[in-house]
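Numbered from 1 within each chain, the chains take letters A, B, ... in sequence-line order.
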2 protein chains.
Amino acid sequence: MPATTDQEAALRIASGRKPFVEPLRLGERLKEIRLANRWTLDSVSQRTGLARSTLSKIENNQISPTFTAVQKLINGLGIDLPQLLSPPKTQAHTLGRRDLTRSGDGQQHPTPTYEHELLSCQLAQKRMIPFKTIVRARDFREFNEWVRHDGEEFLIVLDGCVLLFTEFYEPLRLEQGDSLYFDSDMGHALVSISEQDATVLSVCTSSEIALESAAARSCS
Amino acid sequence: MPATTDQEAALRIASGRKPFVEPLRLGERLKEIRLANRWTLDSVSQRTGLARSTLSKIENNQISPTFTAVQKLINGLGIDLPQLLSPPKTQAHTLGRRDLTRSGDGQQHPTPTYEHELLSCQLAQKRMIPFKTIVRARDFREFNEWVRHDGEEFLIVLDGCVLLFTEFYEPLRLEQGDSLYFDSDMGHALVSISEQDATVLSVCTSSEIALESAAARSCS
DNA sequence: ATGACAAGTTCACTATAGGAAACAAAGTTT
DNA sequence: AAACTTTGTTTCCTATAGTGAACTTGTCAT
């Protein structure tokens, strides 16, 4: 069905437009993802709210889904659009790296209010920086400066209860198991509101700056 | 039609509530691009082959374009999809995103042997994919296939005790608090060796098939 | 003002995407 | 092997996306 007409092509040529990108084979890719997960059309239907028949037709390129349908797909399946559009992948078998950090064996960076423990620091060239932070119990009035660094950050409370401040939003009260994903160039700060220290696990994207700002205040 | 305001969106994000979709504001973004280039609806119509009226309705969120229409836009205007989907840049750069997931409120993806809970899945375009996995107690002889996906993975045991197999190395016994960073295109697999289920938090670098492969091996 | 033009919106209609149910094919159970 | 289940396809209908034409609005020229 999705066949670009000669008229369109003529228009494009006449207007000096650049050659068009190859039509994205949405159907094949969707089917690939579905099969890789051992999902049935029915289960995908339940997850996405789209009818089984609709999914079948999309997979077989019999219809072109509306954008809302695409949204339902990416939301329901928990995938990304780039992922949905990327062509089938061939696996490259390289010798992988791995870096074990036993509990408590990370690199310690104590500061007055935080206690950072850098994890997996044997490995250079990582795309993520994981670290544990112990937030000492304190009066939250002490908080006076935003932490801010390039990239994105994921954070989950392992123990205790914290108040998480971020720019532009109200503070959040996070308890054990609660997690937050945010743009870390947005100012943020943690305060423990339990009587004891709280422990938080964070993972930042991207190298230096993340490490620098997150652990930085360590060295005085 | 469905015209959610920025304010509403901010409120929804701030409140952290929400079992459903973050609507991508395609219309605003398209209009923004068009105006930035001093294009008229007519010229865009010629470039893309879409009717002037159709473009108007898309810009005003009166219809949800089909995927073929989106492709015509991308091709005709010489832009790429991420560009089209990036939020209207009015405040987007100053206002950071954040996505709260309360404990247990992630997107559940149960399988026979694992129980995946996708965290922070309201946020598209992330560079990391965080998820919790409950590894059901079982005989590890059942493990017979590697999980393998592009990118890097960080993993920490929240509860219980697991045996982690990776290609090229010996298996590792990981207990609560132990963590591992590894190249995830290297085959890996988890087996619980505690009497109870074990809980593991993983963070994958984005893009590829993080969920797909992570959830894949479910059925043997 | 008023006509002329240009840019955008709305209308009326056609094409097609989405959904319910019937169908087909293959696997299970009895 | 017949009855049933499960998974994917096809059919038919309705909801809606896409189109050309009519309509509206704004700007400019005279």
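Rounding to whole angstrom units, CD1 of residue A/I63 and P of D/dA15 are separated by 17 Å. As a whole-Å value, the separation of A/L41 CG from C/dA26 C1' is 15 Å.
Of the candidate nucleotides D/dT10, C/dG18, C/dT9, C/dG18 has the atom nearest to the side chain of A/I58. Looking at the side chain of B/R52, the nearest of the listed nucleotides C/dG19, D/dA22, D/dT19 is D/dA22. Proximity note for A/K31 (side chain, C-beta onward) versus D/dG20, C/dG18, D/dT9: the nearest is D/dT9. Distances from the side chain of A/K57 to the nucleotides D/dG18, C/dT10, D/dT11 place D/dT11 closest.
Among the heavy atoms of the strands lying under 4.0 Å from B/T66 are primed sugar atoms or P, OP1, OP2 only; no base atom is included. Across all strands, A/T54 comes closer than 4.0 Å to base atoms (heavy-atom distances).
Expressed to the nearest 0.5 Å, how far CG of B/D159 lies from CG of B/L201 amounts to 12.5 Å. To the nearest 0.5 angstrom, A/L158 atom CG is 11.5 Å from A/D178 atom CG.
Judged by distance alone, with hydrogens and angles left aside, B/S53 brings a side-chain donor or acceptor within reach of the base of D/dG20, the pair sitting under 3.5 Å.
When each of B/E195, B/Q176, B/E175 is checked for a side-chain contact (heavy atoms from CB on, under 4.5 Å) with B/C161, only B/E175 meets the rule.
B/K31 and B/E28 are not joined by a salt bridge, as no carboxylate oxygen comes within less than 4.0 angstrom of a charged side-chain nitrogen.
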